[in-house]
Amino acid sequence: MGHFAELGQSLRAFTPQERRNIAIYIIGIMVYKFGLEAFNGSIIALASNRYDYEAIRDDTPSRTFERVGLLTGLNQACQCIGSILIGPLVKRYPTKNVLSVAILIFGMCSALLLIIDAATGGTFMPAEFRTNHPDHEWPYYGTYNTDVMIPVYCVCGIVYGMVELIRRVIPRDIVGGNIQKLKKMDSLVHIFYEISGTAGAFTTGLAIIPQLGNNMAFIITPVCFTISAIAWFFVGELGFRRAQPGIRARGDKTSYFKAAFSGLYLFGESVWVGAKILFTSRKFIWLVPGYSVALYAHRYLENGIAPQVARRYLGNSAWAQIMVGGSNLGELLGAFSVLLFTNAVQTPMPWLRLDALMLLIVWYIPYWHPPAEQVGQAWIVAATFAPISYGWASGDVSLAAYIQASLARLESQNKNVSALGAVMAFLYSFYIVTYAVAGTLLGRYLDGIYNATGGIDDGGEVRSGLVFTAGVQMTVISVLVLASTFVPKGAFAFNPKMLSDETLEDDHIEIEEQRPERDDGPGLEGESHKLEEGYKKTRSYCSSENGSEPRVEKKISEIL
């Protein structure tokens, strides 16, 4: 009961006004996540069906999962671009207002495919198809070229990245610069975020897509995003200011574009600096497989293996969302476990080793022969995905805290970028490039296996391909991640108390000592933004979570 008593004490650490703002923020983020799951799940299912339908209609070989891999890879790359473009805005305007406007723009962009589909003859799924859907027939889809989805999804990726960055800045406006409060709020928000994600994935796969069709299922997304924008607009800033009015007035019209282009340049520079830090130090080199490769494996599980199994095994691409729902549930439990056992497990190594071992569960998939068109089989996959994602989430959450704390002590030798910002930029870029290339090539390989064994008309299969893309690939990743956990000095213990002879338990004290006063005059804007990035605990440089360090000339907010 001691662990749960600590949770209650954590909530009492917030003031009534902070609790009010946290509650409003959580409501907004839960509605946002629900709409996001409906959008992403429907798009992947829609692309899978449309490319198969296109192959049948045009009598051409299937290229479904090559294109799905390209679609998701480019979307994630565009998220990174969006994160950079939004950086200058959070220095000029109240964060909650920027977030509200960004989520409204995201809602409008998410409606683009709805408009294109309806304009080319698309309709909701006919009532007779809901109970008995013909195989490989989707006459209610619009007649546009399926490749149109790629640039549209890229545009959505840009605004998606904007929202994902801003929503990680706003916690500082809610609870201020107290590192302990920020950590507690981050954990609390993450739990509710995954609860909504799990519910959204299950609801999308079981109710929304079967009733509306995956070409129209994400019609709820603009509505959800609008509700989130309204909720987040009412989040108070607790008196924190970005800059004095005189400072903002001195900017010219081109300052935003200069800042954006500067951000692009500094991002490239930070990737280079991060590579040098990682590959020239035993203390940090293990982060490449431990963070980036593990993140790639998780994304490929949800965006690669789940759609492949749903479409090729079960014959219903919508059921991939059931599998993703199981994955989200595992993430929720993993994050909650880290929150409960923070004091017992002081380094990420036990969690990362668990993550590596859980990846081996996918070996059953190539040899599994489930009956098609039975939703219960999708629940079996969801149940097996839960422990895999449990291992990943527990490792990822604990590793993010370790990276932030350890790199906060490393002084950057580059005057333009921080050490932490540089390392996270490289790690996330490595993941993006790996997914974009591997996702497309592995999808092409599976399409080739499918076409060679008969394709859509003659009962093609992908099991022999999944031996390598699922089983062998995840085994190689498991070995890499597991081996990486023994690289740092002192990591051979089952549950090491510290790594590289460095204890990080009192790192928050050092950060507090270096926090500038709120009345620094003209320097207020830059310093306050450094702090809001310095205290947040996130997972990646762009759309994933990251943090920043307190002792450098430029923080990650200035890189963005």
Side-chain angles (χ1 to χ4, degrees), residues 37 40-52 62-69 71-72 133 135-136 198 201-202 204-206 209-210 214 296-330 358-389 392 435 438-440 442-451 453-456 459-475 477:
E37 285 294 337
N40 286 333
S42 299
I43 291 296
I44 300 301
L46 177 62
S48 301
N49 287 352
R50 285 191 65 93
Y51 279 115
D52 270 357
S62 173
R63 55 175 186 166
T64 299
F65 289 107
E66 173 191 349
R67 291 302 191 182
V68 169
L71 181 76
T72 53
H133 198 296
D135 292 337
H136 313 307
T198 302
F202 286 148
T204 301
L206 292 172
I209 292 179
N214 43 35
Y296 160 77
H298 177 71
R299 291 289 177 253
Y300 190 77
L301 181 77
E302 292 187 346
N303 298 333
I305 295 176
Q308 292 158 10
V309 172
R311 183 75 194 117
R312 298 294 182 236
Y313 278 28
L314 306 181
N316 191 326
S317 58
W319 290 345
Q321 279 303 98
I322 298 177
M323 305 172 195
V324 173
S327 178
N328 287 342
L329 179 61
M358 291 297 101
L359 288 174
L360 300 178
I361 293 175
V362 301
W363 266 110
Y364 83 93
I365 291 177
Y367 305 102
W368 185 44
H369 293 265
E373 301 297 337
Q374 290 189 11
V375 69
Q377 304 302 313
W379 284 101
I380 293 176
V381 181
T384 61
F385 277 15
I388 300 175
S389 292
W392 173 79
Y435 190 93
T440 303
L442 294 178
R444 178 182 296 179
Y445 169 72
L446 283 179
D447 289 338
I449 295 292
Y450 184 66
N451 293 325
T453 55
I456 296 176
E461 57 87 25
V462 294
R463 286 181 175 82
S464 59
L466 284 169
V467 169
F468 298 97
T469 62
V472 173
Q473 179 184 208
M474 293 301 173
T475 300
I477 293 174

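Worth saying up front: this structure is predicted, and the values here are computed from it rather than measured.
Not counting sequence neighbours, Gln377 has no partner by the side-chain hydrogen bond (donor to acceptor under 3.5 Å, both in side chains) test. When the side-chain hydrogen bond (donor to acceptor under 3.5 Å, both in side chains) test is applied to Asn214, the partners found at least two apart in sequence or on another chain are Tyr141. With sequence neighbours excluded, no residue satisfies ring pair (Phe, Tyr, Trp, His ring centres under 6.0 Å) with Tyr313. Applying the side-chain hydrogen bond (donor to acceptor under 3.5 Å, both in side chains) rule to Ser389 yields the partners Ser327; only residues at least two apart in sequence or on another chain are considered. Qualifying side chain to side chain contact (heavy atoms under 4.5 Å, CB included) partners for Ala386, counting only residues two or more places apart in sequence or in other chains: none. Taking Glu302 as the reference, nothing meets the salt bridge (charged side-chain N to carboxylate O under 4.0 Å, His left out) condition, with sequence neighbours excluded. The side chain to side chain contact (heavy atoms under 4.5 Å, CB included) search around Asn40 returns Leu36, Tyr153, Tyr160, not counting sequence neighbours. Contacts of Ala378 classified as side chain to side chain contact (heavy atoms under 4.5 Å, CB included), with partners at least two apart in sequence or in another chain: Leu314, Trp319, Ile322, Met323. For Tyr450, there are no side-chain hydrogen bond (donor to acceptor under 3.5 Å, both in side chains) partners at least two apart in sequence or on another chain.
A side-chain donor-acceptor contact under 3.5 Å links Thr198 to the backbone of Leu329. Formation of a donor-acceptor pair under 3.5 Å by the Thr453 side chain with backbone atoms of Glu461 is found in this model.
When side chains are defined from C-beta on, Arg63 counts as touching Tyr51, because their heavy atoms get closer than 4.5 Å. Contact check for Gln308 versus Val68: no side-chain heavy atoms found under the 4.5 Å cut-off. Taking the side chain as every heavy atom from C-beta outward, Phe65 and Val462 never approach each other to under 4.5 Å. Side-chain contact between Tyr435 and Asn303: present, with at least one pair of heavy atoms (C-beta onward) separated by less than 4.5 Å.
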Kindly list each side-chain donor-acceptor pair under 3.5 angstrom involving residues 362-374, sequence neighbours excluded, with atom names and distances?
from	atom 1	to	atom 2	distance (Å)
Trp363	NE1	Thr475	OG1	2.6
Tyr364	OH	Thr384	OG1	2.7
His369	ND1	Arg463	NE	3.4

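Trp379 and Phe202 have their aromatic ring centers within a separation under 6.0 angstrom.
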Could you go through Asn49 and Ser317, starting from their C-alpha distance and side-chain angles, then the distance that decides it, and tell me whether this counts as side-chain hydrogen bond (donor to acceptor under 3.5 Å, both in side chains)? CA-CA 7 Å; Asn49 287 352; Ser317 58; 2.9 Å; yes
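The heavy-atom pair separating Thr440 from Gly69 by the smallest distance is OG1-C, 3.8 Å. Residues Pro307 and Gly304 approach most closely at CD-O, 3.3 Å, considering heavy atoms. Among all heavy-atom pairs drawn from Leu442 and Thr469, the shortest one is CD2-CG2, 3.9 Å. The two residues Ala470 and Ile305 have their closest heavy-atom pair at CB-CD1, 3.9 Å. Nearest heavy atoms, Leu206 versus Val375: CD2-CG2, 3.9 Å. Counting all heavy atoms, side chain and backbone alike, Arg444 lies closest to Glu66 at NH2-OE2, 3.1 Å.
Summarising the geometry, atom OG belonging to Ser62 is positioned 12.5 Å from atom CD1 belonging to Ile449; distances are rounded to the nearest 0.5 Å. Taking CE of Met358 as the reference point, atom CD1 of Ile388 lies at 8.5 Å (rounded to 0.5 Å). Taken from CZ in Phe385 to CD1 in Ile380, the straight-line distance is 12.5 Å, to the nearest 0.5 Å.
Within the structure, the salt bridge (Lys or Arg N to Asp or Glu O under 4.0 Å) test picks out the following pairs touching residues 303-327 (sequence neighbours left out): Asp52-Arg311, Asp52-Arg312.
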